[in-house]
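This report concerns only the one structure given below.
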Amino acid sequence: MATAQTPQATRDLTDFHSGGSDLMPVEGAAPSLAEYRLHRVEDAAVFLRIKRTKAYEEIRLGRLRTVRIGRRRLVPTEYIDDYVELLKREAEAA
């Protein structure tokens, strides 16, 4: 009888890339998550150290911009940087 393997509880995203709905292993040297130009909202939230729900709220409010490719909503790296700059300006004004 074959034993079922349990999936890893956490994955090192530097060993995988997003290909559709699953994370797929990358042959050879994998780029780090920071080297990608477009990020899933969940990954952008990790970069920003905010919850996924907060990221979607900021998108809804127009504070964190995104692009759409088909049905996917992605956050370009420069939009993450723009959001951080917005937060800095708000902190300075307060």
*Could you pull out all residues at least two apart from E85 that satisfy side-chain contact (heavy atoms from CB on, under 4.5 Å)?*
K88, R89
*Would you say I59 and R73 make side-chain contact, with heavy atoms under 4.5 Å?*
yes
*By side-chain hydrogen bond (donor to acceptor under 3.5 Å, both in side chains) - contacts of Y83 (at least two apart)*: E58
*Starting at OG1 of T66, measure out to CD1 of I80 and round the result to the nearest 0.5 Å.*
11.0 Å
Would you give me the side-chain donor-acceptor pairs under 3.5 Å for residues 48-57, sequence neighbours excluded?
| unit_1 | atom_1 | unit_2 | atom_2 | d |
| --- | --- | --- | --- | --- |
| R52 | NE | E42 | OE2 | 3.1 |

*Same cluster for L61 and L86 if Ile/Leu/Val/Met/Phe/Trp/Tyr side chains link at under 4.5 Å?*
no
*In chain order, what residues pass the side-chain contact (heavy atoms from CB on, under 4.5 Å) check against D82, with sequence neighbours excluded?*
R65, Y79
*Step-by-step side chain to side chain contact (heavy atoms under 4.5 Å, CB included) determination, V67 to R72*: CA-CA 8 Å; V67 297; R72 295 182 70 189; over 6 Å; no
*What residues, two or more places apart in sequence or in another chain, satisfy side-chain hydrogen bond (donor to acceptor under 3.5 Å, both in side chains) together with E78?*
none
*asked:* For L38, is there any backbone N or O sitting under 3.5 Å from a side-chain donor or acceptor partner on T77?
replied: no
